[in-house]
Structures are given as C-alpha cells and as structure tokens.
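Everything below concerns the one structure shown next.
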Protein chains: 2
Amino acid sequence: MDDFVSNYVNRLDSKGRVSIPAPYRQILAREGTEGLFCSPSMDRAAVDAGGHGLRKAIDEYLEPFDVFTEEREILATALLGESESLKIDKDGRVVLSEKIKAHTGITDSVVFVGHGYKFQIWQPEKYEAFKVEAAKEAIALRKSLSARRQALRQAGEGA
Amino acid sequence: MDDFVSNYVNRLDSKGRVSIPAPYRQILAREGTEGLFCSPSMDRAAVDAGGHGLRKAIDEYLEPFDVFTEEREILATALLGESESLKIDKDGRVVLSEKIKAHTGITDSVVFVGHGYKFQIWQPEKYEAFKVEAAKEAIALRKSLSARRQALRQAGEGA
DNA sequence: CATAATATCCCATGGTATCCCATTAAGGGT
DNA sequence: ACCCTTAATGGGATACCATGGGATATTATG
C-alpha cells in the first residue's frame, strides 16, 4: 500500500535543483526506479511524474490501440514522446528541464501532489487555483454519483 | 469485524502531538497500517481518518474512472492530493499538520468520533454543534425513510 | 585539444520530527 | 484498600530532511 499521497512545496535552489519529498523518494526507491519519469499533462499546466507505476499506467492506456494506427501514434507521441526521465542525484534532488518549467510556469517553487500511482508537479499558485476548482467539481461529481446509485437501488427494489 | 466506535477527547501537547485513542490504535495495528491516513471532509470542518479500510474505500471510489480522464484527475486531487498520511510514533501519537488544524479549527484539543470503517477528527466545540444538528436531521431522515419503506411494502402486497 | 559551461558529488547546517524515558492518572483484580 | 497494568502527557536527546555551496566530473564548443 505504498502510494503517492498528500502534497509538498519545495524550493528550487540557485542551480535549479529541487528535492523530491522524502516520502515520495521512498516509494520510488521501493519501485526500484532510477530516474524520475515525467510526462507533461495534456490539458493542464502540470506534469505527471512517477516510476514504474506511472509507466505501467501509460502502457496499459496505449495497449488497446493497435500499433501503427493513427490513434496509437498520436497518443504515444503525447504520452511518451514528450516525456523525459530526470536523473535523481544522491541527495534525492532533480533539476527540472526547461520544457517542464515552460509547461508548468515553475520558476522558484514546486508543489508535488500525490495521485496514488503517480504524482503531479505544479507551480504553487496554479495548483491552488486548480485545487479549489477541483474541490467544487468533486462535490458535484459525488452528488451525481450518489444520485445515480440511489436510482439503481430503487430500480432494484421495484423489480 | 473491528470497528471504530465511541468518541474520545485528547489534548495536543506543546509540540502539536496528540495521542490516538488506544482502542483505535489497536484497530489500526490489526489492519497493519503504518501511518494514519487523513482526508479532509469535503463539506465539513472535519477530517476523515483511518487505515486500510478508509484507503480501500477511496480507491474503490476512484476505480471506475479511467486514468488520464478529467474526472479521475479531479477526484484524485481532492481525495488523495489533499490527504496525508500522518506518522504514528512509538507512543501512538501523531502531529496534526497545519492544513488539518486550519481545516478543522483545532488548536489545543481534539475529539475522535468513530464511524465504523473510519473515524473523524473534530475541534470539540464544532463537533458539539454538528452533533445536535445531525441528531435533528437523523430524526427527519428516519421518518422519511420509514415512510418510503412502508410505501414499498404496500406496493409489494398490492402486486 | 583546450577551455568554458554545465551537471553531479559531497559535505555542512538549521530546523523539525521522532525516539526514548519519566510522570501522572485511571481502572481491574484480588 | 492496595498493587499492577495500561493510557495519556511532558520533555530532553537524537535522527532526518530540505537546502546551500564548494569541489570534481562530464559534456559542449571553438
């Protein structure tokens, strides 16, 4: 049950390094990954990051699409072609590439957000904005989900 | 079938630590959890806490949503990204994060409220206020529920 | 091939979390 | 009523972590 949870804000130093939060490092170490796999989010100013768990999720996502098909090429380009593997130094730090900084708007501070099998990297202010939006939408989603379940139960009783 | 029941009030010490009630500790130990999983309630000044049981509930809630979808990202952010896993020390205590204290209004005292598979963490006065409100609503709910059951029974007899 | 530029290693430091032990209080059994 | 166990709490000592920066290795460039 080792999953990326919680969120942490760390600072970039003058050399552009940032510490991966210690709890995340331990998970990555247990996964046996060297290098932090980073894949820019398609629709947000965030980067998906992780180890084998994330790689596996991507592979399984691509799997149903036949190789050499248009869809496969497009998805592979977005999910793998634009990704990179950042080197983790002896002190558990990485240097963010220019591409990641441009995509996220990160300049001097990073927030790491746990998503279970992966985590995301954000510029703190952008994450704050997304978070309040996500909180609202999560409540709406929950309502519609429980309404649907309720309807299913009653249909079941009626039968 | 060990469930979190009853409620307990404990104090924070000068370092911000608070003892998890011993009966809860035993349940967590049997679940084989290390770390207390804490998830801020979406609509109340409370925090849901527990071990594997709670994590499992959240994972099952996320499971039907495909990875890399909008809904999944939103729910993962709200349910995992904003949660944390608090370390339980050798004496069965945790330190509440600033985020939890801010969300709940806790300053020097905590009440632990059993909810079966999980328990909640409240600031004592806020919990008292919520409790009387919940008691009223429970009566109203019971009425509407039993009316609904009655109707269903009669419909069944009629058929 | 030389030299600059960059990346990685290695060690130091301050702040905080965790360990470990002591004290106090509250049952439980005899 | 008394001992014995268990729980909650307090506090000093220790370990860990994020961060900074000098030293060394690696890569790029003229």
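This structure is a prediction, so every number in the text was calculated from the model and none was measured. Chain identifiers are assigned alphabetically (A, B, ...) following the order of the sequence lines, protein sequences preceding nucleic acid strands; residue numbering begins at 1 within each chain.
In this structure Asp89(B) satisfies the side-chain hydrogen bond (donor to acceptor under 3.5 Å, both in side chains) test with no other residue, sequence neighbours excluded. Qualifying ring-ring contact (aromatic ring centres under 6.0 Å, His included) partners for Tyr8(A), counting only residues two or more places apart in sequence or in other chains: Tyr24(A). Under the side-chain hydrogen bond (donor to acceptor under 3.5 Å, both in side chains) criterion, Asn10(A) pairs with no residue at all, not counting sequence neighbours. With sequence neighbours excluded, the residues that form a side-chain hydrogen bond (donor to acceptor under 3.5 Å, both in side chains) with Glu125(A) are Gln123(A). With sequence neighbours left out, the side-chain contact (heavy atoms from CB on, under 4.5 Å) criterion links Gln150(B) to Arg153(B), Gln154(B). Listed by chain and number, the residues in a side-chain hydrogen bond (donor to acceptor under 3.5 Å, both in side chains) with Ser97(B) are Glu84(B) (sequence neighbours excluded). Here Asp66(A) pairs with Thr69(A) under the side-chain contact (heavy atoms from CB on, under 4.5 Å) rule; sequence neighbours left out.
With salt bridges taken as basic N to acidic carboxylate O contacts below 4.0 Å, one links Glu70(B) and Arg44(A). Under 4.0 Å is where a charged nitrogen must lie from a carboxylate oxygen, and between Asp13(A) and Lys15(A) no such pair does.
Near-neighbour residues of DNA chain D inside residues 85-100 of chain B, defined by a heavy atom below 4.0 Å, number-ordered: Asp91(B), Arg93(B). Using a 4.0 Å cutoff on non-hydrogen atoms, the parts of residues 4-13 of chain A near DNA chain D are Asn10(A), Arg11(A), Asp13(A), ordered by number. Near DNA chain D, meaning a heavy atom under 4.0 Å away, the residues from residues 15-33 of chain B are Lys15(B), Arg17(B), Ser19(B), Ile20(B), Pro21(B), Ala22(B), Arg25(B), Gln26(B).
Distance alone, capped at 3.5 Å, is enough to place a donor-acceptor pair between the Thr33(A) side chain and the Leu28(A) backbone. Distance alone, capped at 3.5 Å, is enough to place a donor-acceptor pair between the His103(A) side chain and the Ser41(A) backbone. His115(A) contributes no side-chain N or O that, together with a main-chain N or O of Ala76(B), makes up a donor-acceptor pair within less than 3.5 Å.
Here the range on DNA chain C touched by chain B, meaning any atom under 4.0 Å from one of its heavy atoms, is dT18(C) to dC21(C).
Five base pairs at each end of the helix from dC1(C)-dG30(D) to dT30(C)-dA1(D) define two local axes, and these are offset by 30° (rounded to 10°).
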Fill in: Criterion side chain to side chain contact (heavy atoms under 4.5 Å, CB included) on Asp48(A) and Ile58(A), from CA distance to verdict
CA-CA 11 Å; Asp48(A) 287 332; Ile58(A) 291 176; over 6 Å; no
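For Tyr117(B) against Asp3(B), the heavy-atom pair with the smallest separation is N-OD1, 4.5 Å.
Residues Val94(A) and Val18(A) meet the side-chain proximity criterion, which asks for heavy atoms closer than 4.5 Å.
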